[in-house]
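Chain identifiers are assigned alphabetically (A, B, ...) following the order of the sequence lines, protein sequences preceding nucleic acid strands; residue numbering begins at 1 within each chain.
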There are 2 protein chains.
Amino acid sequence: MEEAKRKKLEDKGWNVGTVSEFLDLTPEETTFIEIKLALSRYLKERRQKSMTQRKLADKLHSSQPRIAKAENGDASVSIELLIRAMLATGATPQEIGQVIAKVG
Amino acid sequence: MEEAKRKKLEDKGWNVGTVSEFLDLTPEETTFIEIKLALSRYLKERRQKSMTQRKLADKLHSSQPRIAKAENGDASVSIELLIRAMLATGATPQEIGQVIAKVG
DNA sequence: GATGAATATATCAGATATGATATCAATGGT
DNA sequence: ACCATTGATATCATATCTGATATATTCATC
């Protein structure tokens, strides 16, 4: 993974730390982050087609800022919330599975 | 969903509350729980083929009791941990995606 | 049926993710 | 230009998830 990509992750709060720490990321840890980012991107696409961030937040009993973070790949957002959000937009397990399967 | 199934969930700590509260579970909430349970079952299968709970716990920098809970569908275990555990057993995003896609 | 390894259950203090709130920027309609 | 709507950013108290620890149970194998 290139420096530019690392910088981008750090900007979003991904605790990749120093470069040397970053290099210690196991393949599993890298894959995990990639799964979250893939869900994040897909959520944004899907949500934009049908509702505002506020509307989705209300459905989820969450808040608009949290949805913004989820869609921007912020590290403080868990896969839990990403998947719950996807389901709230009407995504099926099939779709969610496909997004994850495409990673790697 | 039948009474017997509800009882089973409650035993594992799923906060489905009273029967009436349970009936208020949205389809999305139900699907979410089913995804977690599917991952849980698959994790157990997969882990048993190659290592002990302790070995997996060490790989994850987690603990054996936490793996036991993960494999038994305990409500205190997040999808985060389930997916990290799957990856630690060597599962690919493809496999994880398939398990989720099969739900519903 | 005793011994040891694997797994299950209970508890808990600390870490992390959460929703709420306030605020700002960007966009667009009037 | 003004105002309303949408999305982004910052902070924070609380709730939830975490690994650790202690202990109990199951289950082989002898």
Side-chain angles (χ1 to χ4, degrees), chain A residues 8-17 21 26 28-29 32-33 35-37 39-89, chain B residues 8-17 21 26 28-29 32-33 35-37 39-89:
Chain A
K8 226 171 161 185
L9 285 175
E10 283 181 349
D11 285 349
K12 294 187 174 175
W14 289 100
N15 184 25
V16 291
E21 277 175 60
T26 64
E28 291 79 24
E29 288 166 335
F32 184 72
I33 291 175
I35 288 175
K36 286 179 75 167
L37 293 178
L39 288 170
S40 169
R41 283 189 298 270
Y42 194 77
L43 172 63
K44 187 169 203 161
E45 267 183 44
R46 197 172 213 298
R47 191 269 314 164
Q48 285 178 331
K49 285 178 188 161
S50 52
M51 64 185 102
T52 67
Q53 289 184 343
R54 177 162 303 282
K55 182 86 187 298
L56 176 55
D58 289 348
K59 277 199 181 201
L60 275 171
H61 306 294
S62 179
S63 61
Q64 177 269 321
R66 206 113 260 283
I67 303 299
K69 284 176 197 239
E71 291 185 353
N72 283 309
D74 190 286
S76 81
V77 174
S78 71
I79 288 193
E80 307 276 317
L81 186 60
L82 289 169
I83 291 183
R84 287 200 298 119
M86 292 271 278
L87 292 172
T89 67
Chain B
K8 227 171 160 184
L9 285 174
E10 283 182 348
D11 285 350
K12 294 186 173 175
W14 289 99
N15 184 25
V16 290
E21 277 175 61
T26 64
E28 291 79 25
E29 289 166 334
F32 184 72
I33 292 176
I35 288 176
K36 286 181 76 168
L37 293 178
L39 288 170
S40 169
R41 283 190 297 269
Y42 193 76
L43 171 63
K44 186 170 204 162
E45 268 184 44
R46 198 170 211 298
R47 190 270 312 165
Q48 284 178 331
K49 286 180 186 159
S50 52
M51 64 186 101
T52 66
Q53 290 184 343
R54 176 160 304 283
K55 181 85 186 299
L56 176 55
D58 290 347
K59 279 197 180 203
L60 275 172
H61 308 293
S62 180
S63 61
Q64 177 269 320
R66 207 112 260 284
I67 303 300
K69 283 172 201 250
E71 292 185 351
N72 283 307
D74 190 287
S76 80
V77 175
S78 70
I79 287 194
E80 306 276 317
L81 186 60
L82 289 168
I83 290 183
R84 288 200 298 118
M86 292 271 278
L87 292 172
T89 68

Item to check | Nearest-Å distance for atom pair CD/C1', residues B:Glu45 and C:dT7 | outcome: 18 Å
Checklist entry - Within the side chain of B:Asn72, is there an N or O that forms a donor-acceptor pair under 3.5 Å with the backbone of B:Asp74? => result no
Checklist entry - With sugar-phosphate meaning primed atoms plus P, OP1 and OP2, does B:Lys12 contact a base, only sugar-phosphate, or nothing at under 4.0 Å between heavy atoms? => result nothing
Next on the checklist: On a heavy-atom basis, which atom in A:Arg47 and which in A:Leu56 lie closest, and how many Å separate them?
Outcome noted: CG-CD2, 3.4 Å
Next on the checklist: Could you go through B:Asp58 and B:Arg54, starting from their C-alpha distance and side-chain angles, then the distance that decides it, and tell me whether this counts as side-chain contact (heavy atoms from CB on, under 4.5 Å)?
Outcome noted: CA-CA 6 Å; B:Asp58 290 347; B:Arg54 176 160 304 283; 4.1 Å; yes
Checklist outcome for this item: Rounded to whole Å, CE of A:Met51 lies from P of D:dG7 at a distance of 11 Å
Next on the checklist: Using OP1 and OP2 only, check whether a side-chain N or O of B:Asn72 sits under 4.0 Å from C:dA8.
Outcome noted: yes
Next on the checklist: Would you compute the distance between atom NZ of B:Lys59 and atom CE of B:Met51 and round it to the nearest 0.5 angstrom?
Outcome noted: 4.5 Å
Item to check | Gap between atom CD1 of A:Ile79 and atom CE of A:Met86 - 0.5 Å precision | outcome: 11.0 Å
Item to check | Nearest heavy-atom neighbours spanning A:Gln64 and A:Ala57 | outcome: N-CB, 3.5 Å
Next on the checklist: Between A:Lys36 (side chain only) and A:Val77 (backbone N and O only), is there a donor and an acceptor less than 3.5 Å apart?
Outcome noted: yes
Checklist entry - Taking CZ from B:Arg54 and C1' from C:dT7, how many angstroms apart are they, rounded to a whole number? => result 10 Å
Checklist entry - Could you give the CG-to-C1' distance, from B:Leu43 to C:dA8, as a whole number of Å? => result 15 Å
Which pairs, protein N/O on one side and nucleotides 16-21 of chain D N/O on the other, fall under 3.5 Å?
{"unit_1": "D:dC17", "atom_1": "O3'", "unit_2": "B:Ser78", "atom_2": "OG", "d": "3.4"}
{"unit_1": "D:dT18", "atom_1": "OP1", "unit_2": "B:Ser78", "atom_2": "OG", "d": "2.6"}
{"unit_1": "D:dT18", "atom_1": "OP2", "unit_2": "B:Arg66", "atom_2": "NH1", "d": "3.0"}
{"unit_1": "D:dT18", "atom_1": "OP2", "unit_2": "B:Ser76", "atom_2": "O", "d": "3.1"}
{"unit_1": "D:dT18", "atom_1": "OP2", "unit_2": "B:Ser78", "atom_2": "N", "d": "3.1"}
{"unit_1": "D:dG19", "atom_1": "OP1", "unit_2": "B:Arg84", "atom_2": "NH2", "d": "3.4"}
{"unit_1": "D:dG19", "atom_1": "OP2", "unit_2": "B:Ser62", "atom_2": "OG", "d": "3.0"}
{"unit_1": "D:dG19", "atom_1": "N7", "unit_2": "B:Arg66", "atom_2": "NE", "d": "3.2"}
{"unit_1": "D:dA20", "atom_1": "OP2", "unit_2": "B:Ser62", "atom_2": "O", "d": "3.3"}

Next on the checklist: Rounded to whole Å, how long is the line connecting atom CD of B:Gln53 with atom C1' of C:dA8?
Outcome noted: 8 Å
Checklist entry - Which whole-number value in Å describes the distance from B:Asp74 CG to C:dT7 P? => result 17 Å
Checklist entry - What integer distance in Å separates A:Asp58:CG from C:dG19:P? => result 12 Å
Checklist entry - Per the end-axis method with five pairs at each terminus, what is the bend angle of the helix from C:dG1-D:dC30 to C:dT30-D:dA1, to 10°? => result 50°
Next on the checklist: Mind checking if B:Lys55 touches a base, just sugar-phosphate, or nothing, with heavy atoms under 4.0 Å?
Outcome noted: nothing
Item to check | Over all atoms of both residues, closest heavy-atom pair of B:Ser40 and B:Gly73 | outcome: OG-N, 3.1 Å
Item to check | Side-chain donor/acceptor of B:Arg46 to backbone N/O of B:Thr89, under 3.5 Å | outcome: yes
Item to check | Between C1' of D:dG7 and CD of A:Glu71, the distance in whole Å | outcome: 9 Å
